[in-house]
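What follows is a set of notes on a single structure, which appears directly below.
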Amino acid sequence: MSFQVPHHDGSALYVPLAPSLGAAVPVRLRVPHAFGSVERVFVRSLRDAEPHYDEAVLLGTEGAWDWWEASVLLVNPVTRYRFLFEVAGVGGSSWHWLNAEGFFHRDTPDVHDFQLVSHEPAPTWARSGVIYQIFPDRFGRSSSAAAREVPDWAVPCEWGTPVQPTGPDTPYQFYGGDLDGITERLDHIQSLGATVVYLTPFFPARSNHRYDASTFTRVDPLLGGDKALIRLVEAAHARGLKVIGDLTTNHTGDAHEWFRTASSDPASEEAGFYYFSEDGSEYASWFGVPSLPKLNWLSPALRERFVSGPASVVARFLHAPFNLDGWRIDVANMTGRHGDVDLNRSVASAVRSTMRSVNPDTLLLAESTNDAAQDFDGDTWHGAMTYSNFTRPLWQWLAGSTADQVNFFGTPLPGPNRIPAEQFVELHSVFAAAFPWQVRTQNMIALNTHDTARASTVMVPGGQLIGLGILFSMPGIPTLFAGDEFGLEGVNGEDSRTPMPWDALSAEHQDLYDAVAHLGRLRREVPALVEGGLRWVYARGDLLVYVREHAAASVLVVASRSGFDGVKVPLDLLGVPLDGQATDLWSTGSVSAEWTADSVAFRGDGLGVGLWQLPGVAIPSA
């Protein structure tokens, strides 16, 4: 796999102006001298779906790279484009293509073209943030929790009772964590560098996960009720933290007040909120689970109550006194889709519109666990909670001997198959390419979540540290699931929802905590880790090398899953001149770098990851 090829991405180095509809946007291209003699470059853009070609001009040379620039006219809110090269060679010229997936010697489909979007981006606080996800029942218990009566559906558990990964009690094990228990630990969350607290559902329900809401009008009294959420958000805001909630637009619980009315009165308005059979004896539900009846978004009354206006479910908790900063939408990919009905984009647009009208500085994230890009072009959901472009390939590259014991994202496979670094880059590139760069930087990226096995169970011993270094240095919003900082384990999503071991922390827990805290600080202080582009430098077997490029300073990342012989990379490939050694930002394990006048040699005798700060990338004047 050669990386001595032309490069472009959506970062400010290559797209220096914020795209706006009708504007001519400059797009830059960088070509290494080692690639060959480029005679002409064209940018091919789609205007109302018809290809249009504009010739690029040579801006000049910086180091061992030539810079070219062309212009793309944004005729449409989402404008696709790619580059076409004429390269001199023996016997005549040859033609090649560059799109968001990579460099090709053949024509490519439009789906992986670069994309410029004129839709407003997610709030700056989100794109530069770190998310900390909390499953409220398992994070912390305040002193008030003991006085609350255990509900009839619950299987009461002590804080140290083992979680059951499967079985009839799994959704009903009740540990009694509450919102005040989270408020009491906000200093811990902030110390990790997290800036956003993401709460899984807080509505009343008949399960510990609360995705089967029985109402959307109030906060579950078992969590402390409305006042506890108000206290949590106020305390978080006082620390500069944001708080987002979790909303199920695809379904309710079968105990929901709407569904109970619908079931008892077929003539009711609420009956139109769901998909009932003609005789009313059956109804559609999420994956056939009867406790999760599916919402029918053909109903105007449902839209009115759930989405439209200041009194809607979407708006209610964004207003004072709650003042949430946004929503994560559960199974958003299924919302509004049922058989021949597809209202997904319509519902998403309505949710976004209401949120914008209440508070334009709110964040809208959406779960779409598989290939999510088709639903994310910037005008509906801000970003995706997805796994295909990051979590899945990372698990496969760092898979350990116990990986065959975990649930691999619902597939029938016995855990992730182990892949080399080349395939990690290939998988990441092909799944990430279909997102506009703007959306890609707004996607949640995670080692694991409350719906997956824990990375510490999947990966080779020590692999979670390597994964953390990669997580915090890739485009997207790094997302931690509570307990990642302590190396908690789990073979599936339910098993991963372990109560936080506040009273049983060891030195090993501290090592991971320190790493997360340091990496969280780097995300705040090093612009390249948030705003920089992404260019691969080396990928083979056990070793990954890439650069987050930025005008102020770039960051070189080297990650190894095992020992490797010395690998030498020419400094020309790093793309910047170096005067002496680069600055060490953070490292763990055995990876080291030795710098010479024209190359850098990486060595390692085991797992390791290192981040080095390099000089910024200079762009020649036109």
Side-chain angles (χ1 to χ4, degrees), residues 1-11 13-15 26-44 53-70 72 81-108 112-114 421-422 425-426 428-430 432-433 437 532-540 543-551 554 556-557 567-578 597-600 602 614-622:
M1 180 176 284
S2 172
F3 297 109
Q4 290 278 21
V5 294
H7 180 74
H8 173 84
D9 58 46
S11 67
L13 285 173
Y14 301 95
V15 184
V27 291
R28 296 169 180 157
L29 180 75
R30 199 175 179 204
V31 181
H33 292 167
F35 169 72
S37 178
V38 174
E39 296 188 345
R40 290 190 295 170
V41 176
F42 296 86
V43 62
R44 171 195 182 267
Y53 290 85
D54 290 288
E55 188 165 3
V57 298
L58 181 65
L59 284 180
T61 298
E62 282 290 338
W65 295 71
D66 290 334
W67 286 80
W68 296 74
E69 184 176 279
V72 174
Y81 66 102
R82 68 175 94 147
F83 294 94
L84 175 64
F85 302 83
E86 182 183 6
V87 180
V90 177
S93 298
S94 59
W95 294 90
H96 310 272
W97 295 95
L98 177 71
N99 65 10
E101 183 184 355
F103 184 80
F104 295 91
H105 302 290
R106 55 166 173 77
D107 203 349
T108 62
H112 285 156
D113 281 357
F114 298 107
E422 304 95 301
V425 173
E426 181 182 357
H428 174 76
S429 298
V430 72
W437 179 266
L534 173 66
R535 186 165 58 82
W536 299 101
V537 172
Y538 184 93
R540 185 172 299 170
L543 188 64
L544 278 170
V545 183
Y546 54 94
V547 183
R548 296 297 308 277
E549 294 182 310
H550 192 273
S554 297
L556 172 68
V557 183
V567 171
K568 183 177 290 188
V569 173
L571 293 188
D572 288 350
L573 188 53
L574 298 186
V576 292
L578 290 175
D598 60 359
S599 68
V600 55
F602 304 114
L614 307 180
V617 176
I619 302 168
S621 301

side-chain contact (heavy atoms from CB on, under 4.5 Å) involving Ser37 - partner list, sequence neighbours excluded = Ala88
Show every donor-acceptor pair shorter than 3.5 Å between a side-chain atom in residues 57-65 and any protein atom, with sequence neighbours excluded, or say none if there are none.
residue	atom	partner	partner atom	Å
Thr61	OG1	Asp66	OD1	2.5
Trp65	NE1	Asp572	O	2.8

ask   = Mind checking what makes salt bridge (charged side-chain N to carboxylate O under 4.0 Å, His left out) contact with Glu86, not counting sequence neighbours?
value = Arg40
request  = Quick one: list whatever passes side chain to side chain donor-acceptor pair (under 3.5 Å) with Ser11, sequence neighbours left out.
outcome  = Asp9
key: Contacts of type salt bridge (charged side-chain N to carboxylate O under 4.0 Å, His left out), residue Arg44, not counting sequence neighbours   = Asp110, Asp113
query = side chain to side chain donor-acceptor pair (under 3.5 Å) with His96: which residues, sequence neighbours excluded?
reply = Ser94, His105
query = Taking only residues two or more places apart in sequence, or in another chain, which ones meet His8 in a ring pair (Phe, Tyr, Trp, His ring centres under 6.0 Å)?
reply = Tyr14, Tyr81, Phe83, Phe114
Close side-chain approach of Glu549 and His7, heavy atoms under 4.5 Å = yes
task = With sequence neighbours excluded, tell me which residues meet salt bridge (charged side-chain N to carboxylate O under 4.0 Å, His left out) with Asp598.
result = none
note = Those residues at least two apart in sequence (or on a different chain) that pass side-chain contact (heavy atoms from CB on, under 4.5 Å) with Val567 are Tyr538, Leu543, Phe564, Val569
task = Under the side chain to side chain donor-acceptor pair (under 3.5 Å) rule, collect the residues that match up with Tyr546, sequence neighbours excluded.
result = Ser473
message = Keeping Arg535 on the side-chain end and Leu574 on the backbone end, is there a donor-acceptor pair under 3.5 Å?
response = yes
key: Under the side chain to side chain donor-acceptor pair (under 3.5 Å) test, residues paired with Glu55 that sit two or more places apart   = none
